Peer 1: 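Here it is: the structure, laid out below.
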Amino acid sequence: MATSTSEQRIHNEGVKKRRFRFLYSKKVAPYVFVSPFIISFLLLSLYPFLSAINMSFQRVLPGQIDYIGLHNYSRVFNPTFYTALQNTTIYVVWTVLILTFIPLVLAVLLNNRLMTFTNIFRAAIFIPALTSVIVAGTIFRMIFGDSEAAFANQVLQFIGLDAVEWRYGAGSGMFLMVALASWRWIGVNILYYLAALQNVNHDLYEAADIDGAGVWQKFRNVTFPAIKPVVIFLSTITIINGFRMFEESFVFWETSSPGNIGLTVVGYIYIEGIQRNDMGFGAAVGIVLLLIILVISITQLVLTGAFKKGDS
Amino acid sequence: MMKQKKNREKAMVIGLLIMFVLIAGIALFPVFALVIASLSPASDLMRYGLTGELFLSAFDFQNYEALFGSGETNYWSWYANSIIISAVLIVVSLFFSSMVGYALALYSFKGQRFIFLLVLVIVMIPFEILMLPLFRLMTSLQLVDTYLAVMLPLIVAPIAVFFFRQYAIGLPKELMESARVDGCTEYGIFFKVMAPLMLPSFAAMAILQGLSSWNNFLWPLLVLRSNDMFTLPIGLATLLTPYGNNYQVLFSGAVLSIIPIILLFLFFQRFFIAGLTSGGVKG
């Protein structure tokens, strides 16, 4: 009895093995490895993407869906959307300028062979990236409080300027959002640049020294070409992240800022799509946002020649 | 001549050091200010914001006492939710993403280039554009207000796939051959031979994935409905109202919310720079 069951089991395992043997071949294995991505791509990227396009032509009401053609799109281009787009664009320009240029300068200085305590500085400037926007924003709201006694206003008054009601002006509101993002990300970008600077070929500096090149010439002809891929990489992700911005605005004003000074495109999608339950319209704003991002990314990649190199 | 040059270098180093001490100060100041705020009486903060008086005359632990003592908010549920969601996401997303990245780097198969291209395209497409349809999907699957709804979109992270691929490209392919000769299956090769070689990239991705799920905001804001299901950022944000009545929990809670992510960072940081170099920035 005992032997027959164990024989049976061996037989069963044999069948199982044969049935699944194809999964073990060298040809099929890579497909098994990439299958999680394929499944998640189909279910969580492609389906919602097509669904977003579809939704943008719909009026979605509880229990009722109507196709209304381009109506949502014709509604997108309204003054509130333009305000959101303008805020977002200004935010993108500032963050790109600040987050690609300043970290580059600081990384070059930090990478100086005479520099000491580099590791401590590196750790210190990375700390802000660990905080969530909500935690960081909470403290920014305290530092840049509206009362004259708030820290930032005391500093302003100390140097002879007037106190500012930070969260109530368009300029100071933008300053808050850009400052918060810059504070959180400068350290990360410095790390990216430092990593790239370590790959610069030192023989080239020596050759440049022999040729009598100055500091600026060395930077232009040796350092910059080596870190150019990082400059492109960081400016690209800063642009994309800038157009996705929502949290920096949410933490200062939740969803309604005075005169929409803090309204962003994604914030607009959130308000219309979720809060007002107008999903079709929200989807249309999303598609417009996608087109804007695509045009900018492709233009940027063509201009910087990133397409010429291939993908490895 | 020599001496003059030396002096100039010395002056430059001192200048640089002063500058970086200032920069490190700016970087650390808000975190310092948060700790100070958490130790100040909440009534003052509500009235004035954070004032110039940054050095406390006496430590005041009443904010922390409020946080630990009372059941007023669901703070500890938020904490538990954040820990569970982030821990599961780190493990699952690293597992799947590393498999995909590894296969893209070290096998050659039909459709490989196309799949890699898809990975890059998805990295470029903002999640916010897909969020409304995904939200509708979660609603129809009746997953709203569950852990699963928060986690599903992040289970395979394209950016992590990309990192793992860049890292795996540098691994010796010959090891796979010799493992095959020894009778190892393709899966055995990955789990027993190659994955251990990829450990530094796992550490770097654990930090980045941990950071992004711990601090994730917009998606959980959409799919989490009941207060006791909130994650820390969502829960803390509910305390941030103009009429805020719970500054005590807000500040002490914000301080405590940073601790797990700092521990994760300290634990894996040795590998972090290596991870940054291997992903994304190879020109």
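This is a predicted model, so every value here is computed, not measured. Order of the sequence lines fixes the chain letters, A, B, ..., with proteins taken first and strands second; residue numbering starts at 1 for each chain.
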Peer 1: If we only count heavy atoms from C-beta on, is the Phe20(B) to Phe117(A) side-chain gap below 4.5 Å?
Peer 2: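 Answer no - side chains too far apart.
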Peer 1: Using non-hydrogen atoms only, which part of Asn54(A) is less than 4.5 Å away from chain B: side chain, backbone, both, or neither?
Peer 2: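 Interface part for Asn54(A): neither.
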Peer 1: Mind checking whether Tyr47(A) and Leu137(B) have side chains closer than 4.5 Å, heavy atoms only?
Peer 2: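 SC-SC contact between Tyr47(A) and Leu137(B) confirmed.
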Peer 1: Check whether any side-chain heavy atom of Met19(B) lies under 4.5 Å from a side-chain heavy atom of Leu106(A), and answer yes or no.
Peer 2: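 In short, these two side chains touch, coming nearer than 4.5 Å.
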Peer 1: Looking at Phe217(B), Phe127(B), Phe96(B), which makes the most heavy-atom pairs under 4.5 Å with chain A?
Peer 2: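 The candidate making the most pairs under 4.5 Å is Phe217(B).
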Peer 1: Select one option (side chain, backbone, both, neither) describing which atoms of Leu17(B) are under 4.5 Å from chain A's heavy atoms.
Peer 2: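 Answer is both: backbone and side chain atoms of Leu17(B) are under 4.5 Å from chain A.
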Peer 1: Would a 4.5 Å heavy-atom cut-off, applied to side chains only, mark Pro126(B) and Ile293(A) as touching?
Peer 2: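 A side-chain contact exists here, since the closest heavy-atom pair is under 4.5 Å.
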Peer 1: Using a cut-off of under 4.5 Å for heavy-atom pairs, which of Leu294(A), Leu290(A), Ile127(A), Asn241(A) has the most such pairs with chain B?
Peer 2: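 Winner by heavy-atom pair count: Leu290(A).
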Peer 1: Which of the residues Ala254(B), Pro30(B), Pro153(B) is involved in the greatest number of heavy-atom pairs with chain A at under 4.5 angstrom?
Peer 2: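 Greatest number of close heavy-atom pairs with chain A: Pro30(B).
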Peer 1: Side-chain contact test, heavy atoms from C-beta onward, threshold under 4.5 Å: evaluate it for Val100(B) versus Phe33(A) and give yes or no.
Peer 2: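 The answer is no; the side chains never approach within 4.5 Å.
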Peer 1: The test is side-chain contact (heavy atoms from CB on, under 4.5 Å); show your working for Val34(A) and Met99(B) and say whether it passes.
Peer 2: CA-CA 7 Å; Val34(A) 296; Met99(B) 273 172 29; over 6 Å; no
Peer 1: Determine the minimum heavy-atom distance between Met279(A) and Leu132(B), stating which atoms define it.
Peer 2: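 Distance-wise, the nearest heavy atoms are O-CD1, 3.8 Å.
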Peer 1: Answer with side chain, backbone, both or neither: which region of Leu109(A) has an atom nearer than 4.5 Å to a non-hydrogen atom of chain B?
Peer 2: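 Both the backbone and the side chain of Leu109(A) come within 4.5 Å of chain B.
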Peer 1: Answer yes if the ring centres of Phe265(B) and Phe126(A) are under 6.0 angstrom apart, and no otherwise.
Peer 2: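 When the ring centroids of Phe265(B) and Phe126(A) are compared, they turn out to be within the sub-6.0 Å range.
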Peer 1: Can you find a heavy atom in the side chain of Phe121(A) that is under 4.5 Å from one in the side chain of Val21(B)?
Peer 2: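 Counting from C-beta outward, Phe121(A) and Val21(B) do come under 4.5 Å.
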Peer 1: Applying side-chain contact (heavy atoms from CB on, under 4.5 Å) to Leu118(B) and Phe41(A), what does each step give before you reach the verdict?
Peer 2: CA-CA 8 Å; Leu118(B) 279 185; Phe41(A) 168 73; 3.7 Å; yes
Peer 1: Counting only heavy atoms closer than 4.5 Å, note whether Phe246(A) contacts chain B via side chain, backbone, both or neither.
Peer 2: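 The side chain, not the backbone.
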Peer 1: Check whether any side-chain N or O of Tyr31(A) sits under 3.5 Å from a backbone N or O of Lys110(B) as a donor-acceptor pair, and report yes or no.
Peer 2: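 Yes.
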Peer 1: Trp183(A) side chain to Ile26(B) main-chain N or O, any donor-acceptor pair under 3.5 Å?
Peer 2: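 Yes; at least one donor-acceptor contact below 3.5 Å.
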Peer 1: Below 4.5 Å, heavy atoms only, C-beta onward: do Phe37(A) and Leu104(B) meet side chain to side chain?
Peer 2: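 No. Closest side-chain heavy atoms not under 4.5 Å.
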Peer 1: Can you find a heavy atom in the side chain of Glu128(B) that is under 4.5 Å from one in the side chain of Phe243(A)?
Peer 2: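 The answer is no, as the side chains (C-beta and beyond) never meet within the 4.5 Å cut-off.
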